[in-house]
Amino acid sequence: MAYQTILLDIADNVATVTLNRPDKLNAFSVEMHEELRAAIKEIKAAKARAMVLTGAGRAFCAGADLGARDLATEEKLDLGALLKKYYNPLIRALHRLPMPVIAAVNGVAAGAGANIALGCDLVFAARSASFIQAFVRIGLVPDAGGTYMLPRLIGLQRAMGLAITGDKIDAETAAQWGMIWKCIDDDALMDEVMEFARHIATQPTRSIGLIKRALYASLGNDLDSQLDLERNLQRVAGYGTDYREGVQAFLEKRPAKFTGA
Ligand code: LHQ
């Protein structure tokens, strides 16, 4: 399918989605939401084994398009309805995708743009990139899962500080705080991310999907529920061909050839 506001490339089992409104710092329009939703469907149907999300130009994503006609002109717009229709399903879809989702944050990630990055499973960021919980600057509340992920990633004090000041945090500090996985020199970002994505796409994808489920569920579960969930997910993993191949390869002292099943 041809898209207007994003680019989608699928190669070597890696689906790369590039938010592509660089003159608006890749701010989210309704069209971009709809296209990203369609792209995620396409990626699932293509049975890709990793997804990379990045931005075109100098930004990753500046959040909601504040110049969109309804956001800019309608006085009593129900922003909750927008979240329900677009942002919440997007975050859920990223968490539920049965493959690793990697954010390659190439520049500023502000507002919902920051939290969509944090909604990915692993975040790599360019050294010059930054994250801004910009919501308070315009009288809003962090959304797109920010109030859920931030305190869990960096603790309540730091989450509170970022959210109530709207201050920018640079990629290096974000990595030191554990908000993101890795900070990488700008020139090396995409090469390193794509190399990582191509590698992870050769790993036991089904197992990775189950790992995601377990870890995200752990954020809300008590120990008993989590132990039960681990039992259930391990049962599923244990029936997989990748488990058999992994053990066989170990015993035969050779690299495993995982199919993702
Ligand atoms: C933009 C945007 C943008 C449109 C830059 N929209 N054009 C909200 C409402 C509804 C429902 C649900 O959820 C949400 C969630 C949210 O995301 S709220 C938060 C929305 N985002 C922001 O408040 C961030 C706004 N942008 C900025 O603060 C700055 O642009 C940052 C700090 C990201 C980058 O600053 P600079 O590097 O100085 O760039 P700039 O400000 O000069 O922007 C470049 C262009 O991009 C400019 O257009 P122009 O035509 O003047 O060149 C901006 O107007 C445009 N742009 N963000 N969100």
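Start at 1 and go down the list; that is how both ligands and their atoms are numbered.
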(message) Quick one about Asn115 and Tyr87 (side-chain donor to acceptor, distance below 3.5 Å, no hydrogens or angles considered), yes or no?
(response) no

(message) Running the 4.5 Å side-chain criterion over Ile, Leu, Val, Met, Phe, Trp and Tyr, what cluster does Val136 land in, apart from itself?
(response) none

Under a 3.5 Å threshold, I'd like every N/O contact between ligand 1 and protein atoms, with atom names and distance.
unit_1, atom_1, unit_2, atom_2, d
ligand 1, 6 (N), Leu66, N, 2.9
ligand 1, 13 (O), Asp143, OD2, 2.6
ligand 1, 17 (O), Ala64, N, 2.9
ligand 1, 17 (O), Ala112, N, 2.9
ligand 1, 21 (N), Ala62, O, 2.9
ligand 1, 37 (O), Arg58, NH1, 2.8
ligand 1, 37 (O), Arg58, NH2, 3.3
ligand 1, 39 (O), Arg58, NH2, 3.0
ligand 1, 58 (N), Ala62, O, 3.0
ligand 1, 58 (N), Ala64, O, 2.8

(request) Check the surroundings of atom CZ in Arg213: do more than 12 heavy atoms from other residues, nucleotides or ligands lie under 6.0 Å from it? (result) no

(message) For Tyr3 and Glu42, which I'm curious about, is there any donor-acceptor pair between the side chains at under 3.5 Å?
(response) yes

(message) Any donor-acceptor pair under 3.5 Å linking the side-chain atoms of Glu35 with those of Thr5?
(response) yes

(request) Could you walk me through whether Asp143 and Asn88 pass the side-chain contact (heavy atoms from CB on, under 4.5 Å) test, one step at a time? (result) CA-CA 9 Å; Asp143 59 22; Asn88 294 357; 5.9 Å; no

